[in-house]
Amino acid sequence: MSLFPVQSRKLNLPAAALSAAQERDFELQGYGFEAAPEQLRRPRIVRVGLVQNKIPLPTDTAVAVQVAALHRRIEEIVEVAAICGVNIVCFQEAWTMPFAFCTREKLPWTEFAESAEDGPTTKFCQELAKKYNMVVVSPILERDEIHGGTLWNAAVVISNSGAVLGKSRKNHIPRVGDFNESTYYMEGNTGHPVFQTQFGTIAVNICYGRHHPLNWLMFSMNGAEIIFNPSATIGKLSESLWPIEARNAAIANHCFTCPINRVGTEYYKNAFTSGDGGKAHHDLGHFYGSSYVAAPDGSRTPGLSRTRDGLLVVEMDLNLCRQVSDKWNFKMTGRYEMYADKLTEAVQPYFIPSIIKE
Ligand SMILES: NC(=O)NCCC(=O)O
């Protein structure tokens with residue numbers, strides 16, 4: 001049986017958008033998911049845009065120059081998203097910088113950190129949001145000056161009015177391979193915020209949270225209809241998991257999920273080791289793109305390219321979330337009170353596992 005049993009339909013995107021994407025050298029794909037007509041609710045159609053991209057400049061270019069080049073690249077992609085009628089756009093994890101946490105060096109990488117509330121990247125995104133009447137989800141390395149200049153991996157959510165709605169910090173920090181992120185920031189303390197936008201309720205489950213079903217669940221418990229998953233991950237580590245985890249989360253939580261991964265290989269002047277006895281090396285590996293959207297009925301779009309910058313435009317009728325929920329009703333059969341009680345016991349230091357022995 002095909003892995004794409006209920007395929008999304010192909011969207012007809014404007015010719016101007018297709019030619020601009022070609023000129024600007026990025027892939028542009030469009031797909032749509034439908035829901036059944038209802039008597040009491042009108043369809044709730046929303047278009048999301050997922051952006052995946054390489055870093056345009058070498059990692060040893062001056063910090064401000066790298067950030068400016070990324071702003072320019074995103075600006076030209078978002079302009080095309082606007083032509084395609086995108087209502088909510090989401091960028092990849094830590095989109096204003098190379099994914100340099102593999103190096104374990106502090107400078108210059110910590111210099112990429114910015115205020116979520118009024119840093120230059122947030123201001124840039126506010127302009128985009130107002131200009132295109134678009135909600136912008138902007139995952140950055142955050143510096144929180146109010147709390148001692150601490151660093152966080154956070155996604156800033158900006159309303160289509162241009163107002164900063166809030167931020168969602170990464171809850172699960174990887175300790176795997178060269179993903180040495182715990183050297184830079186701690187587990188997020190913002191919980192599972194869901195943002196009510198004009199186009200639907202959205203949440204952001206940043207990268208490694210993808211492997212944690214309870215993280216998806218809690219965003220869903222708070223009412224998320226669309227959960228973005230901005231990521232940075234490499235082929236040899238996670239490509240076998242990529243098509244499954246976010247898709248399964250869409251099914252399990254009766255919502256749409258939108259995993260996004262960067263593309264390309266990023267090189268660093270100073271070699272670093274992986275602490276596994278292997279040779280020192282200069283790159284983390286190949287970021288394989290393959291961004292896609294999964295729907296609550298288990299269908300999904302094809303993925304974007306493994307190597308090229310891209311914009312995935314996906315139209316969805318959010319009524320599908322409740323329709324699938326009414327059919328499968330996992331929120332009714334979930335037995336959450338049983339798990340809540342047992343988990344509360346299981347996390348205690350002197351927990352005794354319930355094993356029946358002869
Ligand atoms: N950025 C990040 O959390 N990457 C970890 C690797 C993965 O989750 O596949």
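First listed ligand is number 1; within each ligand, the first listed atom is number 1. Please read these numbers as outputs of a predicted model, since none were measured by experiment.
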Quick test: of every protein heavy atom, which one is nearest to atom 3 (O) of ligand 1, and how far off is it to 0.1 Å? K170 NZ, 2.7 Å

Check for me whether W242 has a heavy atom closer than 4.0 Å to any atom of ligand 1. no

Record the part of L237 in heavy-atom contact with ligand 1 below 4.0 Å; permitted values are side chain, backbone, both and neither. side chain

Can you tell me which residue and heavy atom of the protein come closest to atom 1 (N) of ligand 1, and the distance to 0.1 Å? E93 OE1, 2.8 Å

Enumerate the atoms of ligand 1 whose separation from the nearest heavy atom of R210 is less than 4.0 angstrom. 7 (C), 8 (O), 9 (O)

Given N153, which partner from the list E181, M186, R169 fulfils the side chain to side chain contact (heavy atoms under 4.5 Å, CB included) test? E181

With a 3.5 Å cut-off and no angle check, do the side chains of N160 and Q198 form a donor-acceptor pair? yes

Report yes if some heavy atom in the side chain of F33 is under 4.5 Å from a heavy atom in the side chain of R9; otherwise report no. no

Between R308 and D25, is the closest basic N to carboxylate O distance under 4.0 Å? yes

Which atoms from ligand 1 have a heavy atom of C207 less than 4.0 Å away? 1 (N), 2 (C), 3 (O), 4 (N), 8 (O)

With under 30° as parallel and over 60° as perpendicular, where do the rings of F124 and W95 fit, or are they tilted in between? tilted

Under 4.0 Å between heavy atoms, the region of F179 that gets near ligand 1 turns out to be side chain

Answer yes or no: is there an ion pair linking R175 with E187, defined by an N-O contact shorter than 4.0 Å? yes

Please confirm whether A232 comes under 4.0 Å of ligand 1, counting heavy atoms of the residue only. yes

S238 heavy atoms, cut-off 4.0 Å: which ligand 1 atoms fall inside? 9 (O)

Can you list the ligand 1 atoms lying under 4.0 Å from a non-hydrogen atom of P174? 2 (C), 3 (O), 5 (C)

With a cut-off of 4.0 Å, which atoms of ligand 1 are near a heavy atom of F99? 1 (N)

Tell me, do I173 and Y185 make a side-chain contact under 4.5 Å, heavy atoms counted? yes

Any idea how Y288 and W242 line up, ring-wise: parallel (<30°), tilted (30 to 60°), or perpendicular (>60°)? perpendicular

Please examine the side chains of M134 and I88, heavy atoms only from C-beta on, and report whether any two atoms are closer than 4.5 Å. no

For atom 8 (O) of ligand 1, what is the closest protein heavy atom, and at what distance to 0.1 Å? H211 NE2, 2.6 Å

re atom 9 (O) of ligand 1, the protein heavy-atom contact at minimum distance is T233 OG1, 2.5 Å

